[in-house]
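This report concerns only the one structure given below.
Order of appearance sets the numbers: ligands from 1, and atoms from 1 within every ligand.
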Amino acid sequence: MKKVKAILIGAGLRGSEAYAEYALNYPSEFEIVAVAEPDDTRRTSFSEKHGIPDEYRFEDYKEVLQREKFADCVLVCTQDRMHFEPVMMALERGYHVLCEKPMAADKDEMVQMSKAAERYGRVLSICHVLRYSPFFIKLKKMVETGSIGRVMTIQHIENIGYWHFAHSFVRGNWRNEKSACPIILAKCCHDMDILLWLTGSTCKRLQSFGGLGHFTEENAPEDAPLYCMDGCTHRDECPYYAPKFYLEHPKAKEDKLIYAVSEDIMPKPVMAALEQGPYGRCVYHCDNTVSDNQIVNMEFINGIKVSFTMTAFTEKCSREINLMGTKGQIKGNMDLGIIEYHDFVSGDEEIIRIHTPEGGHSGSDTLMMKDFVHLIANDGAGRSSTDASISLESHLLALAAEESRISGKVIEFQTYTGDYK
Ligand SMILES: NC(=O)c1ccc[n+]([C@@H]2O[C@H](COP(=O)([O-])OP(=O)(O)OC[C@H]3O[C@@H](n4cnc5c(N)ncnc54)[C@H](O)[C@@H]3O)[C@@H](O)[C@H]2O)c1
């Protein structure tokens, strides 16, 4: 297999840890030959780790993408509203591209990106990593082989976890639609994609309800200060009291939330960063706008009815699904890697335990990279299951759900996508 050479745009959490690690683990298959990253510390430590010489370290994606093509592909791992321009520039330069989800926050930009990939004959893959998870692959096979007969209804829940929600969607990077995008797009485009894939169909119509119901000023306890450490008297009964949250909650270290607060994770520097930093804010006094609860009801063209719930108010961060068919039922929990199968014909019941490989998103990050690298080694011959032309639909579905949530109207999805497909 030909060794694939890549340029990384954005050496943040996803770029440097979820994807570039593939180069360190499979050096004969993949190499990062250049990086664009404005943060000096991140750029330097990333470059040193990957042996990138000074002349291939850039501060901005424009600098590297203005040069003549010198690699096979570009990984675009900047924040949500910074995908469009580097993707378009990279495609125009003749690179294959891997782009983080969401493709873009804007409907027209998404469509332009997908069309540009087609026009230039380049791969544009979107990081819908869940399609590579052994859990969802197993469910897809079970549905396709008719193990539950005809699928009639699906219930799917994205349990975000109160701690994850407070960190990312109240205090953190994805809290405000102006700087990020609506949560149904930012987080749940994965779920829309999985539902489109499992139903093997497209949506006919949908409705959505939800909003920001809890993390608001009106719900602030009396006299709660702007920062937890400004003498908050509710510290003992508040699950979000920052020092306790970041220094004691097991997920703070396990899911690396604490590194967003401070590079040095010893108590003293963490407390100092929380005093006046974004992660030390009272969760009821932030500039967050994204919904903390949302449901989407969908009717698919092939008759399947789906109800989807996204909620902040759960203990665990996990995805659960219940597929109800004419001859059986499947209940699954992705994060536990457990599928419970009931066969209505034989009356048999089976518990299937899915082997979860190492790595993020239950091993899916690495599996997706493997697929992408092999595709590019063949100069893009073949189509990935997360090609932009496929992923576009889940993004549009998320945007349609948001439109319904805001307008209170039922959306005819084919009319909504109309001109765009
Ligand atoms: N596929 C998934 O399941 C998944 C999971 C989490 C996050 N994401 C998405 O991944 C993306 C990145 O998230 P993250 O957590 O790594 O964010 P991050 O903020 O850690 O990383 C983004 C990086 O881009 C850099 N950057 C900013 N301007 C730049 C420029 N002009 N040129 C080059 N680099 C620039 C930033 O300095 C930063 O280091 C987001 O869109 C996010 O929604 C996807």
Side-chain angles (χ1 to χ4, degrees), residues 7-21 32 34-47 56-66 74-87 89-90 98-106 109-110 113 125-133 136 158 160 164-165 167-169 172-177 179-194 255-257 259-261 263 278-279 290 317 319 334-335 359-369 371-372 386 391 394-395 398:
I7 300 166
L8 176 66
I9 307 284
L13 213 56
R14 298 297 296 168
S16 63
E17 299 209 0
Y19 307 126
E21 282 289 307
I32 307 283
V35 61
E37 167 58 58
D39 184 293
D40 291 342
T41 315
R42 284 186 172 183
R43 188 176 59 256
T44 306
S45 71
F46 181 84
S47 300
Y56 287 100
R57 302 176 185 186
F58 302 87
E59 287 183 19
D60 185 83
Y61 62 81
K62 288 192 189 88
E63 292 169 44
V64 61
L65 294 175
Q66 270 156 4
V74 172
L75 315 181
V76 176
C77 299
T78 38
Q79 275 296 345
D80 295 5
R81 285 188 182 269
M82 275 185 83
H83 296 163
F84 177 70
E85 195 177 56
V87 165
M89 285 181 78
L98 180 75
C99 173
E100 256 304 359
K101 64 85 213 163
M103 299 168 67
D106 175 86
E109 288 185 355
M110 294 169 185
M113 288 158 85
S125 259
I126 308 302
C127 297
H128 269 151
V129 292
L130 297 189
R131 285 218 188 195
Y132 297 88
S133 82
F136 281 114
E158 168 148 32
I160 296 194
H164 179 27
F165 193 89
H167 174 77
S168 295
F169 300 98
N173 287 340
W174 293 272
R175 68 188 183 279
N176 193 298
E177 281 151 40
S179 51
C181 55
I183 191 166
I184 194 77
L185 176 65
K187 186 104 177 83
C188 311
C189 65
H190 275 314
D191 303 281
M192 298 299 133
D193 180 61
I194 285 295
D255 277 24
K256 302 188 175 166
L257 310 185
Y259 289 101
V261 178
E263 299 251 327
Y279 294 97
V290 302
C317 173
R319 286 184 165 88
M334 180 186 172
D335 303 83
H361 291 103
S362 310
S364 326
D365 292 352
T366 309
L367 294 167
M368 186 207 68
M369 272 312 284
D371 189 68
F372 178 74
T386 54
S391 297
S394 53
H395 284 67

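Closest to atom 14 (P) of ligand 1, if we only count protein heavy atoms, is Arg14 CG, 3.8 Å. For atom 21 (O) of ligand 1, the nearest non-hydrogen atom of the protein is Gly12 CA, 3.3 Å. Of the protein's heavy atoms, Glu37 OE1, 3.7 Å lies nearest to atom 23 (C) of ligand 1. In terms of protein heavy-atom proximity, atom 35 (C) of ligand 1 is nearest to Pro38 CD, 3.2 Å. Nearest non-hydrogen protein atom to atom 43 (O) of ligand 1 is Asp80 OD1, 2.6 Å. Nearest protein heavy-atom neighbour of atom 3 (O) of ligand 1: His190 NE2, 2.8 Å. Scanning all protein heavy atoms for the shortest distance to atom 17 (O) of ligand 1 gives Gln79 NE2, 3.0 Å. Nearest protein neighbour of atom 24 (O) of ligand 1, counting heavy atoms only, is Gly10 CA, 3.5 Å.
Within the 4.0 Å heavy-atom shell around ligand 1 one finds His83. For Cys77, the closest heavy-atom approach to ligand 1 falls below 4.0 Å. Using a 4.0 Å cutoff on heavy atoms, Phe58 does not count as a contact of ligand 1. Within the structure, ligand 1 lacks Phe46 among the residues with a heavy atom less than 4.0 angstrom away. Heavy atoms of Lys62 come nearer than 4.0 angstrom to ligand 1 in no pair at all.
Contact of the Ile9 side chain with the Leu75 side chain is not registered, since no non-hydrogen atoms from C-beta on lie closer than 4.5 Å. You'll find the side chain of Met113 reaches within 4.5 Å of the side chain of Cys99, heavy atoms only. Under the 4.5 Å side-chain criterion, counting only non-hydrogen atoms from C-beta, His395 is in contact with Ile126. By the 4.5 Å heavy-atom criterion applied to side chains, Val76 and Met82 are not counted as neighbours.
Of the charged side-chain nitrogens involved, none lies within less than 4.0 Å of a carboxylate oxygen, so that Asp335 and Arg319 do not count as a salt-bridged pair. Between Glu17 and Lys256 there is a salt bridge, since at least one side-chain N of the basic residue sits less than 4.0 Å from a carboxylate O of the acidic one.
Every ring-ring contact (aromatic ring centres under 6.0 Å, His included) that Tyr56 has, sequence neighbours left out, goes to Phe70. For the ring-ring contact (aromatic ring centres under 6.0 Å, His included) test, residues two or more places apart in sequence or in another chain that qualify with Phe46 are His50.
Close approach to Asp60 involves these atoms of ligand 1, each under 4.0 Å from a residue heavy atom: 30 (C), 31 (N), 32 (N). Close approach of ligand 1 to Tyr19 is summarised as follows: ligand atoms under 4.0 Å from at least one heavy atom of the residue are 1 (N). Of all the atoms in ligand 1, the ones that sit under 4.0 Å from a non-hydrogen atom of Cys127 are 1 (N). Close approach to Glu100 involves these atoms of ligand 1, each under 4.0 Å from a residue heavy atom: 1 (N), 2 (C), 4 (C), 8 (N), 9 (C), 10 (O), 11 (C), 44 (C). Under a 4.0 Å criterion applied to the non-hydrogen atoms of Ala36, ligand 1 contributes the atoms 33 (C), 34 (N).
In this structure, SG in Cys189 is found 8.0 Å from CE in Met110, a value given to the nearest 0.5 Å.
Checking only distances, Leu13 does come within under 3.5 Å of ligand 1, N or O to N or O. Every N/O-N/O distance between Met82 and ligand 1 stays at or above 3.5 Å.
Formation of a donor-acceptor pair under 3.5 Å by the Ser168 side chain with backbone atoms of Gly172 is not found in this model. No donor-acceptor distance shorter than 3.5 angstrom exists from the side chain of His83 to the backbone of Lys101, with no hydrogens or angles considered.
Side-chain contact check for Tyr19 and Asp365: no donor-acceptor pair (N or O, by modelled atom type) lies under 3.5 Å.
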